[in-house]
Amino acid sequence: MADTATVSSADSSNQATISTPAASAGTSTESSAQQTKLPESKRWADVSDDEKDEIESKIESLAIDEPKKVNEFLEDPESANIEAVTSGGTPYTSAKRFEDLNISAELLQGLYVEMKFERPSKIQAITLPMILTPPYKNLIAQAHNGSGKTTCFVLGMLSRVDPKLAAPQALCICPTRELAMQNQEVLERMGKYTGITSILAIPMEDMPMSKLPPVNKQVVIGTPGTINKWFTARKLGMNSMNILVFDEADHMLAEGGFKQDSERIMKGIVKIRPNCQVLLFSATFNDAVKAFATKIVTEISVKEYNQLFVKKEELSLDSLKQYKVYCPNELSKIMVIKDKILEMGQKVGQTIIFVKTRNSASMLHKSLVEYGYEVTTIQGALQQEDRDKIVKEFKEGLTQVLISTDLLARGFDQAQVNLVVNYDLPLKYDTRGEPDYEVYLHRIGRAGRFGRKGAVFNLLCGDRDNMLMTKIETHFNSPVAEVASWEKDEDFEDALKKAGLM
DNA sequence: AAAAAAT
């Protein structure tokens with residue numbers, strides 16, 4: 001990894017200040033009083049003075065006029081080049097340890113004991129102080145797949161909730177019900193010792209609106225339609241809302257995505273709660289969405305905001321090895337899945353096969369089952385309970401291979417997934433022959449979570465696929481190696497070995 | 001085209 005990192009200021013006359021731990025400790029007297037339940041070794045107060053000095057000097061080296069040392073300090077295996085831009089004069093200290101954040105002992109316990117985290121990942125170290133330091137500014141944050149974005153906003157939500165107030169205070173909006181459920185699970189685990197309550201706002205077949213009592217849970221996580229529905233029906237009060245999170249924010253704000261729903265929710269809340277903090281998180285922000293996100297964040301409130309972006313050429317994960325496989329026809333693609341992926345993939349972990357349409361998902365599923373393979377398939381036309389069951393089985397490791405539409409392209413987090421197959425390459429719908437770069441990046445990001453190794457096989461059939469693949473390679477500046485022959489076992493074995501999976 | 005969800 002030869003990645004570099006920069007923490008820079010939007011305005012050179014108004015540079016972001018990096019304060020020392022001594023300075024920040026002086027402002028966190030409340031938290032040190034709460035940190036009594038923690039294991040000895042985890043307490044900032046117990047860190048030896050030598051160690052403090054060492055950390056202090058490292059953090060001082062973050063000062064932005066010393067770029068050389070910045071790079072050295074921020075170089076981190078799980079993430080690469082992030083550019084942070086802060087506005088206004090609020091000083092932020094990059095959080096080396098979770099203790100550096102002004103969070104409750106119960107939350108620290110959740111992080112260490114329940115989540116088994118040791119220290120903040122890079123995106124967490126940078127964004128958490130921005131999220132948690134008053135005045136609570138809005139944030140647009142881009143970071144690599146599997147780099148720990150969920151922890152950033154879940155911790156943000158949990159620490160902005162008053163556990164004694166039985167009213168919704170944090171709202172998280174996600175593009176799919178699966179992602180909403182996954183995020184709630186993380187929130188419940190991380191907040192295990194806080195007593196903070198949460199509820200899912202996702203479509204439920206057996207819950208008519210009239211039967212739903214007004215929400216008194218503290219955190220609400222859901223999909224845009226249901227949230228809007230509850231809001232309109234006055235079942236979801238916004239009077240105490242402190243923080244509003246958009247997961248997969250680029251998609252939530254995209255034309256042809258959930259733009260209208262998202263805007264409506266955002267404006268509805270800010271009207272009632274002008275100081276509600278808005279966080280936008282995603283691994284991808286294309287130029288159009290980035291511009292819109294910036295625009296709406298400044299529109300909805302006069303507050304200054306912080307932003308972090310990654311250059312598209314630097315978004316591909318180094319731990320993922322990408323391959324292309326030229327297939328003479330559609331049947332040969334099925335043969336590759338059957339004879340190569342399913343046979344060898346079994347040895348290296350779980351596999352997700354992405355297809356373009358619900359229909360091709362069913363077709364592929366059918367033919368693989370006919371050949372005697374055990375695969376499961378998920379797509380949006382399935383019953384909700386079936387979707388839940390299939391995800392649950394896969395997460396429990398009961399199934400090895402999952403066929404999916406782009407339903408699971410974003411956010412789905414399963415550490416054991418080492419193999420992603422693009423049965424079809426993602427295509428933008430309204431342009432001729434343009435690949436959907438963002439979807440491609442999200443799909444392949446289902447493998448190699450948090451720096452783990454992984455392999456991606458792109459099955460190409462015909463000139464159009466070849467052209468799409470070339471465009472993707474150029475766009476991300478990330479060469480995709482060729483598997484010499486779709487028919488040879490050795491070539492696939494070799495590929496998996498090179499990916500570090502065999 | 002797919003996604004969520006309301007129409």
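Just so we're on the same page: letters track the sequence lines, and every chain starts at 1. Because the structure is a prediction, the values reported are computed rather than measured.
Comparing dA1(B), dA3(B), dA6(B) against the side chain of Lys229(A) picks out dA6(B) as the nearest.
Relative ring orientation between Tyr440(A) and Phe476(A) is described as parallel, the plane-to-plane angle staying below 30° on a 0-90° scale split at 30° and 60°.
The side chain of Arg264(A) places no N or O atom within less than 4.0 Å of a non-bridging phosphate oxygen (OP1 or OP2) of dA4(B). In this structure, Thr405(A) reaches the dA3(B) phosphate: one of its side-chain N or O atoms is under 4.0 Å from OP1 or OP2.
For the pair Gln260(A) CD and dA4(B) P, the interatomic distance rounds to 17 Å; values are reported in whole Å. A straight line from NE2 of His251(A) to C1' of dA3(B) spans 6 Å, rounded to a whole angstrom. The nearest whole Å value for the distance from the CG atom in Leu425(A) to the P atom in dA2(B) is 16 Å. We find that NZ of Lys259(A) is positioned 23 Å from P of dA2(B), with the value rounded to whole Å. The separation between Met252(A) atom CE and dA3(B) atom C1' is 10 Å, rounded to whole Å.
Among residue pairs with one or both ends in residues 136-153 of chain A, those qualifying as salt bridge (charged side-chain N to carboxylate O under 4.0 Å, His left out) are Lys137(A)-Glu304(A); sequence neighbours excluded.
The environment of CD in Glu185(A) is sparse: at most 12 heavy-atom neighbours from other residues, nucleotides or ligands sit within 6.0 Å.
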Could you list the donor-acceptor pairs under 3.5 angstrom formed between side-chain atoms of residues 478-486 of chain A and any protein atom two or more places apart in sequence or on another chain?
unit_1	atom_1	unit_2	atom_2	d
Ser478(A)	OG	Gln322(A)	NE2	3.1
Ser485(A)	OG	Glu487(A)	N	3.0

